[in-house]
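Beneath this line is the structure, given in structure tokens, with notes to follow.
Along the sequence shown, residues are numbered consecutively beginning with 1.
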Amino acid sequence: MLQVSWQIGVTIGLLAVATVSSAQQLKDPTAPPEYRPAATSNAEAATNLRLQSIQSTAQGNVATINGSRVRAGDSLPPFTILKITMDQVTVRHTTTGGEMQLVMFSERPLESESSTGSGGQN
């Protein structure tokens, strides 16, 4: 009788271990999908420059691009900051030599300004 109860105890223990290990391998079907950011190439990074602000200081103009504060002559790989005015920043790609202007304010009228008359009436 002792041997039968020992075998039953071992069997129950093995089943419990097997159940726990298989439960750890199961994925929760209600869990959100895993987020994997896409890798960006240098070409994509070149077109993703975002001019956020331009400030005039006693030491000259300072721009914030992609969260980094830069001055004329600074490097923001793969670019060099050439010139900062009150409404735009000129950058040069260090490899290709191509220049690009980042404009603070667009000259295009806002949609609400072009579609409504004075006083906001059509």
Is it true that L76 and I54 fall in one hydrophobic cluster, defined by side-chain heavy atoms closer than 4.5 Å?
-> yes

Would L82 and V70 show up in the same hydrophobic cluster when neighbours are defined by side-chain heavy atoms closer than 4.5 Å?
-> no

Atom of [X], atom of [Y] and distance for their closest heavy-atom approach:
X    : Y   : value
R92  : G97 : CG-O, 3.6 Å
V103 : L51 : C-CD2, 3.8 Å
G73  : T80 : O-CG2, 4.2 Å
D74  : R69 : OD2-O, 4.4 Å

Answer whether the closest heavy-atom distance between the side chains of L49 and V89 falls below 4.5 Å.
-> no

Sub-4.5 Å side-chain heavy-atom contact between Q59 and R71 | yes

Using only heavy-atom distances, determine whether the side chains of S68 and N66 contain a donor-acceptor pair under 3.5 Å.
-> no

State the CG-CD distance between L102 and Q88, to the nearest 0.5 angstrom.
-> 8.5 Å

Out of curiosity, T95 OG1 to F79 CZ, how far, rounded to the nearest 0.5 Å?
-> 9.5 Å

Exactly one of K83, E99, M100, Q101 clears side chain to side chain contact (heavy atoms under 4.5 Å, CB included) with V91, and that residue is M100

Donor-acceptor pair, side chain of Q52 and main chain of G67, under 3.5 angstrom = yes

Counting only N and O atoms by type, is there a donor-acceptor contact under 3.5 Å from the side chain of N61 to the main-chain atoms of I84?
-> yes

